[in-house]
Amino acid sequence: MAKKLKLNSLSDLSSLPYDEIIDVRSPSEYAEDHIPGAISLPVLDDAERAEVGTIYVQQDPFLARKLGAALVAKNAAKHLQGPLADRDGGWQPLVYCWRGGQRSGSFASILDQIGWRVGLIEGGYKAYRRLVVKALYDDPLPHRLVLIDGGTGTGKTELLHHLERAGAQVLDLEGMAEHRGSLLGGFAGGQPSQKRFESRLAMALSRLDPARPVFVEAESNKIGKLIIPPTLWQAMLTADHLVVTAPLEARAVFLIRVYADVIGNLDELCERLRYLSRFHGHEAVEHWQDLARAGDHLQLARELVEMHYDPSYRRSSRRASDPLAEIALQGLEDADLAAAVPMVLQAAGAE
């Protein structure tokens, strides 16, 4: 019989005595959010789940359960002959569904009959989600945040990566949001759902030591379409901060490098520039689009920094306290950013 496991904290997930976590919910449920590291082995796909639910409500619960059992058996057979075909007798899976009910129980029962030592998450995904909400909406953040602040194109994200490689604790919000934070900063693949973003955040925070500072890039309360949850946002509003600066020319060159994917697609670049019309008017945007069409990306980057990004930054960067330090970079190559790491750590008291 499958053993039920109760999750008491998100940190429990890093020390589970199981080889693999299996999400048996439908593909759309899994895509919206799932326990980090879980693989998707749906016992009902989206269409099957809708069919069973319709029969349950409109016809007869017994017929719905009968059809559901047949579909679960069929899909379980596919998983056993496919993704799970190479699992040996010592393999220990942990299974969950939406509420820890019939879908996960049925699949776990089949795995248990084979001889595997199976675990079931009590309360399913909903129990996990409650822990995420508690961490990001209810409980105050126990960590001391230090914001890396500065205008667009000053290498803040890359500086975070250098800090992480040096052993500092880092929360990469833009990486988890899959967005560079600026109006032109989206990636072609789009962003995760709000719930998926929050899962990444909550799990990342659960692995950080509250006794050591955590470096975070200064952001507005939204990164692309995603909202920074309230507990984290309130901590960011009152956090210590450092300001990073760099010369205009170095920033323009840097932006061309980090936005290479956007620059490489002229139609996409012109479409993104079009969104700036509401701030700067059609004439200015048409001029920038002409620069893009002419391939003068360096001048385009200079003008966007001077006319759009820096004024926007000045309007939004009113902080209650003075910065711990100003990190004045002369360049934004890897060597320049690596050389800034000791200064950042010293200013934050994180040496």
Side-chain angles (χ1 to χ4, degrees), residues 1-7 10 13 16 18-87 91-114 116-134 178 189-200 202-203 225-226:
M1 182 180 295
K3 180 181 179 181
K4 288 196 174 183
L5 173 77
K6 183 175 182 180
L7 293 177
L10 292 171
L13 290 166
L16 294 174
Y18 294 96
D19 300 312
E20 207 154 18
I21 303 175
I22 299 175
D23 185 323
V24 301
R25 298 174 304 155
S26 67
S28 64
E29 291 174 291
Y30 178 86
E32 183 184 25
D33 188 32
H34 53 270
I35 293 176
I39 63 170
S40 177
L41 295 180
V43 294
L44 296 175
D45 65 24
D46 292 305
E48 291 166 343
R49 180 169 173 251
E51 181 184 8
V52 170
T54 299
I55 293 172
Y56 188 94
V57 173
Q58 297 183 3
Q59 296 183 37
D60 181 3
F62 174 77
L63 290 177
R65 286 193 292 269
K66 185 178 177 183
L67 174 61
L71 292 171
V72 167
K74 178 195 73 171
N75 290 323
K78 289 180 183 178
H79 299 326
L80 290 168
Q81 293 171 327
L84 302 182
D86 64 347
R87 304 304 193 271
W91 178 62
Q92 296 184 59
L94 179 65
V95 180
Y96 73 91
C97 62
W98 179 251
R99 289 190 299 265
Q102 289 187 332
R103 285 185 288 175
S104 58
S106 299
F107 190 59
S109 179
I110 293 171
L111 300 184
D112 181 69
Q113 289 299 313
I114 291 170
W116 285 313
R117 295 174 60 187
V118 187
L120 273 172
I121 294 181
E122 186 177 320
Y125 169 81
K126 288 188 72 176
Y128 160 76
R129 176 64 188 169
R130 281 195 294 272
L131 293 176
V132 172
V133 170
K134 185 173 185 292
E178 298 179 43
Q191 293 185 266
S193 69
Q194 180 71 29
K195 285 184 178 180
R196 188 81 193 103
F197 174 55
E198 290 175 3
S199 270
R200 292 172 177 177
M203 289 304 301
K225 68 177 184 180
L226 300 176

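Position 1 is the first residue of the sequence; numbering continues from there.
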Can you establish whether the number of heavy atoms outside [X] located under 6.0 Å from its atom [atom1] is more than 12?
X	atom1	value
Lys225	NZ	yes
Gln102	CD	no
Lys74	NZ	yes
Arg117	CZ	no
Arg99	CZ	no

Indicate the atoms forming the closest heavy-atom contact of [X] with [Y], along with that distance.
X	Y	answer
Tyr96	Asp23	OH-OD2, 2.6 Å
Ser104	Gly101	OG-O, 3.4 Å
Pro42	Ser26	CB-CA, 4.2 Å
Arg103	Cys97	CB-CB, 3.9 Å
Leu226	Pro192	CD2-O, 3.5 Å
His79	Leu41	NE2-C, 3.4 Å

So, taking the atom named [atom1] in [X] and the one named [atom2] in [Y], what distance separates them when rounded to the nearest 0.5 Å?
X	Y	atom1	atom2	result
Lys126	Leu131	NZ	CG	13.5 Å
Ile21	Leu13	CD1	CG	5.5 Å
Glu20	Trp116	CD	CH2	10.5 Å
Arg25	Trp98	CZ	CH2	6.5 Å
Leu94	Asp19	CG	CG	10.5 Å
Leu16	Ile121	CG	CD1	7.0 Å

Whether [X] side chain and [Y] backbone form a donor-acceptor pair below 3.5 Å:
X	Y	value
Asn75	Leu71	yes
Tyr30	Ala38	yes
His34	Arg196	no
Ser109	Gly105	no

Measuring only between side-chain heavy atoms, which start at C-beta, is [X] closer than 4.5 Å to [Y]?
X	Y	result
Glu198	Gln194	yes
Val118	Pro93	yes
Asp33	Val132	no

Exercise. Evaluate side-chain contact (heavy atoms from CB on, under 4.5 Å) for Tyr125 paired with Glu32, printing each intermediate quantity in order.
Key: CA-CA 12 Å; Tyr125 169 81; Glu32 183 184 25; over 6 Å; no
